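Here's the structure we're looking at; comments come further down.
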There are 4 protein chains.
Amino acid sequence: MSVIRPMRADAVRNRRKILDAANAQITARGPEVGMDEIAQAAGVAVGTLYRHFPTKTDLVAAVVAEYVLVVADDAQESLARARAGSSRAADEVIGFLTRVAESSADHHAVKAAAQGLGVEGHGDKSDESRASAALAELITIGQADGDIRAEVTVDDIYLLMATAPTDQPAPVRQRWLDLILPGITTPSGWGRVGREAAAEPVGRAARKSPAW
Amino acid sequence: MSVIRPMRADAVRNRRKILDAANAQITARGPEVGMDEIAQAAGVAVGTLYRHFPTKTDLVAAVVAEYVLVVADDAQESLARARAGSSRAADEVIGFLTRVAESSADHHAVKAAAQGLGVEGHGDKSDESRASAALAELITIGQADGDIRAEVTVDDIYLLMATAPTDQPAPVRQRWLDLILPGITTPSGWGRVGREAAAEPVGRAARKSPAW
Amino acid sequence: MSVIRPMRADAVRNRRKILDAANAQITARGPEVGMDEIAQAAGVAVGTLYRHFPTKTDLVAAVVAEYVLVVADDAQESLARARAGSSRAADEVIGFLTRVAESSADHHAVKAAAQGLGVEGHGDKSDESRASAALAELITIGQADGDIRAEVTVDDIYLLMATAPTDQPAPVRQRWLDLILPGITTPSGWGRVGREAAAEPVGRAARKSPAW
Amino acid sequence: MSVIRPMRADAVRNRRKILDAANAQITARGPEVGMDEIAQAAGVAVGTLYRHFPTKTDLVAAVVAEYVLVVADDAQESLARARAGSSRAADEVIGFLTRVAESSADHHAVKAAAQGLGVEGHGDKSDESRASAALAELITIGQADGDIRAEVTVDDIYLLMATAPTDQPAPVRQRWLDLILPGITTPSGWGRVGREAAAEPVGRAARKSPAW
DNA sequence: GATGAATGAGTGTTCATTCAT
DNA sequence: TATGAATGAACACTCATTCAT
């Protein structure tokens with residue numbers, strides 16, 4: 001009896017379908033979609049869904065973990081570009097945050113679901129490590145370049161990612177980036193890095209009223 | 001015969017108890033606490049709760065509205081101090097954001113509940129106006145002082161309030177403020193304003209892992 | 001301490017307002033109107049309503065009793081006309097049933113409410129007696145005239161009243177009368193009495209489908 | 001691979017139990033029995049009940065539909081006998097109405113529930129059609145025999161079914177039939193058809209008092 | 001007496017999870 | 001192993017009735 005019993009091919013296929021369906025459903029309709037609905041969207045029965053993910057929390061955690069994987073890939077690619085000298089490290093950090101803020105828009109419901117369910121472990125710790133390592137090196141390079149403030153750490157990036165207004169429309173998200181970047185970049189680096197981000201404030205119309 | 005019948009003394013008392021209990025329960029146990037539980041925590045029957053707030057949405061809206069009132073008061077007091085010359089406007093804005101980040105810790109779940117329920121009107125529109133007016137004037141003064149960036153608006157403050165990591169421990173909230181302030185203050189004003197914000201990064205221990 | 005303590009003038013007024021409001025509300029919106037709504041429509045507080053009618057059942061019974069009173073009056077007037085010779089007794093019986101079927105349309109919800117609540121006693125027994133006595137005499141006269149079948153009794157009239165399709169549109173109610181009358185009148189009396197009731201059936205359109 | 005998956009055996013069994021329990025409970029305790037109580041009587045959990053009938057209205061509609069089916073069968077059998085010449089069509093109509101008045105006693109509360117809930121479609125339209133077609137032919141034959149009045153239609157039968165005093169004791173229901181039949185049969189046919197309907201009136205004791 | 005706030009059992013319905021088929 | 005029927009605690013909300021003011 002092998003301990004690392006490999007998954008049957010159809011089981012793998014089902015897992016994939018479930019994960020995709022869960023992502024799509026939660027994204028589209030919020031964290032309160034029923035397990036039955038996710039199962040149906042995946043084309044399997046609830047029982048099958050529960051065989052792969054014993055609780056709803058587990059399912060959501062798996063969806064979040066997949067997102068972490070994507071983020072880790074992005075961080076590593078950013079680092080690769082900076083290492084290759086094809087771009088400044090600070091610009092890559094900014095680009096990374098920008099992309100996260102954008103892409104998260106799709107995932108914001110998932111984030112909400114994760115929080116709402118008190119999701120704890122993020123599946124694969126190694127993805128998290130990959131992301132952390134890449135971002136750490138990116139920050140170090142940027143600091144050596146004199147573009148990134150000396151006190152900035154990887155946790156700062158995570159903190160900003162966690163507070164990104166992913167549920168707001170694009171102009172608001174852009175304005176948020178503008179407000180956030182000076183805290184990461186050095187005053188001297190400002191103007192040198194960044195994508196010429198126009199500092200114009202987001203119009204009243206776009207925000208209407210505080211989302212207290 | 002006055003048209004506005006004053007509320008009975010016991011009714012007022014119950015309303016207060018309900019509001020407090022709702023705030024406490026939602027804060028402590030998330031937006032999905034049952035109405036029955038809130039009622040029990042308030043020491044009244046469900047029916048009483050529903051007499052005061054016809055729907056759960058109404059109840060949450062009322063809790064939010066109370067918070068808005070507090071925020072509006074804070075903003076006006078900040079403005080009063082700045083006008084009196086007893087402090088710099090920029091420092092008042094910073095202080096305001098600091099206090100919001102702190103006090104909101106109690107209210108973050110309420111905020112989530114409000115969003116989850118699609119709470120629309122925040123009870124008293126005038127409180128919102130009061131807050132907006134005070135903050136707008138504060139910003140204008142700070143800009144005249146050369147401390148606040150020219151492009152900053154009231155909506156920026158609201159955006160930051162909305163994204164404050166109110167559910168994080170104190171050191172994290174402090175670090176967030178440090179990251180955020182450079183986006184509001186002028187590079188030249190930096191160092192002049194602010195409470196010499198310690199730049200020490202938040203330790204790993206405090207954050208554990210990204211809250212993606 | 002007088003046993004027949006007379007009602008205070010305002011209490012009488014309130015009782016009247018409540019009865020009228022109850023009748024109106026139940027008629028208009030069905031037996032499931034809340035006591036609060038009836039009280040509001042009457043312009044009194046629920047407490048007052050409950051002072052006059054200890055339970056909802058009592059209130060509905062009172063409304064029904066009022067209807068019995070009207071019916072008793074009608075029966076007596078019918079009898080008076082027959083005695084005066086200004087009309088045939090059989091025609092009066094028919095007219096009586098017709099009027100009941102018509103007027104009950106307004107009261108059908110009340111009837112439903114009464115049944116739904118298992119209303120037992122009809123308030124004033126004397127009204128019932130008045131109606132019974134008048135109808136009995138009317139029947140006797142009609143039988144003497146040779147117009148009403150010998151076996152018909154007052155209970156038959158009550159049975160027909162109870163089964164009248166009061167919730168159906170006018171043409172259906174008319175057709176019901178046409179179907180019912182031959183059972184009361186003698187074959188020979190048929191044609192002599194009755195209001196030339198056209199025997200044309202109610203069109204399909206009017207009934208659409210069985211109300212099983 | 002058949003598109004119409006056959007219901008699982010236990011599901012079929014449960015559906016039956018639910019339908020029977022619903023019929024019994026509603027009959028016994030009125031239309032306002034709770035879904036929980038019906039479920040308990042059926043020996044299943046509420047969830048199961050809701051899996052089979054998404055709303056209370058659906059459940060009641062299903063119960064009514066079952067009754068319609070029985071009625072349609074009865075009508076068709078009546079017609080078959082008349083066609084076979086083993087009985088007069090008029091007698092079959094009378095028999096049909098008699099049986100409906102009898103059997104409906106079980107269903108009268110269901111009828112009330114259906115009306116109270118505004119039940120619309122009676123499940124299988126075809127059952128209704130079967131009943132209508134059979135009754136229509138029965139009437140036509142009876143008219144050709146000279147036993148049934150020329151103006152009688154299927155809708156008249158439905159009207160009488162709907163107004164049958166199904167909640168009254170047997171002697172009352174019998175008396176009601178006696179009162180109703182002359183409206184359907186021809187004066188000349190009277191005495192020729194019918195089961196020599198005893199003309200004795202229903203005694204006071206049986207009816208107690210008008211059910212206004 | 002009148003008032004209307006408070007009560008709380010009950011309603012129809014949902015949904016994460018279990019388990020017989 | 002996949003299926004989907006069954007489970008039952010929970011939920012937001014209602015309303016006849018009681019009782020403090």
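Order of the sequence lines fixes the chain letters, A, B, ..., with proteins taken first and strands second; residue numbering starts at 1 for each chain. Computed from a predicted structure; not experimentally measured.
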Could you state the NZ-C1' distance from A:Lys56 to F:dA10, rounded to the nearest angstrom?
-> 14 Å
Return the 5'-most residue of the pair A:Val44, D:Val44 with respect to DNA chain F, ranking by each residue's nearest nucleotide.
-> A:Val44
Tell me which donor-acceptor pairs under 3.5 Å the side chains of residues 44-53 of chain D have, and how far apart each pair is, sequence neighbours excluded?
none

When the distance from CD1 of C:Ile18 to P of F:dA16 is rounded to whole Å, what number comes out?
-> 15 Å
Give the minimum heavy-atom separation between B:Ala21 and B:Ala41, together with the two atoms involved.
-> CB-C, 3.9 Å
May I ask you to verify if any side-chain N or O of D:Arg51 is less than 4.0 angstrom from the OP1 or OP2 atom of F:dG4?
-> no
Of the listed nucleotides F:dT7, E:dT17, F:dA5, the one nearest the side chain of A:Thr55 | E:dT17
Could you state the CG-C1' distance from A:Leu59 to E:dT17, rounded to the nearest angstrom?
-> 14 Å
C:Asp58 CG - F:dA16 C1' separation (whole Å) | 12 Å
Hey, which sits more toward the 5' end of DNA chain E by its nearest nucleotide, C:Thr48 or B:Leu49?
-> C:Thr48
Residue pair D:Pro54/B:Ala11 against DNA chain E: nearer the 5' end by closest nucleotide is B:Ala11
Under 3.5 Å between N/O atoms: give me all the protein pairs with nucleotides 19-21 of chain F, atom names plus distance.
none

Length of the CD-C1' vector between B:Glu32 and F:dA9, whole Å = 15 Å
Tell me, what's DNA chain F's dot-bracket, Watson-Crick or G-U with both distances under 3.5 Å, | for other-strand, [ ] crossing?
-> .||||||||||||||||||||
In whole angstrom, what separates C:Lys17's NZ from E:dG1's C1'?
-> 13 Å
Excluding sequence neighbours, so at least two apart, what forms side-chain hydrogen bond (donor to acceptor under 3.5 Å, both in side chains) with D:Asp58?
-> D:Thr55
I'd like a table of donor-acceptor pairs (distance under 3.5 Å, sequence neighbours excluded) in which one partner is a side-chain atom from residues 12-19 of chain B, with atom names and distances.
from, atom 1, to, atom 2, distance (Å)
B:Asn14, OD1, B:Lys17, NZ, 3.3
B:Arg16, NE, B:Asp20, OD1, 3.4
B:Arg16, NH1, B:Glu66, OE2, 3.1
B:Arg16, NH2, B:Asp20, OD1, 3.0
B:Arg16, NH2, B:Glu66, OE1, 3.0
B:Arg16, NH2, B:Glu66, OE2, 3.3

Between E:dA2 and C:Asn14, is there an OP1 or OP2 to side-chain N/O distance shorter than 4.0 Å?
-> yes
Report yes if a side-chain nitrogen or oxygen of A:His52 is closer than 4.0 Å to either non-bridging phosphate oxygen (OP1 or OP2) of F:dT1; otherwise report no.
-> no
Proximity to DNA chain F (any heavy atom under 4.0 Å), residues of residues 33-43 of chain D only | none
Selected nucleotide, minimal atom distance to D:Val46 side chain, candidates F:dC13, E:dT13, E:dT7 = E:dT13
Hits for side-chain hydrogen bond (donor to acceptor under 3.5 Å, both in side chains) against A:Gln40, two or more places apart or cross-chain, chain-then-number order -> none
When rounded to the nearest 0.5 Å, the distance separating CD of A:Glu32 from CD of A:Gln25 is 11.5 Å
What residues form a side-chain hydrogen bond (donor to acceptor under 3.5 Å, both in side chains) with B:Asp36, not counting sequence neighbours?
-> none
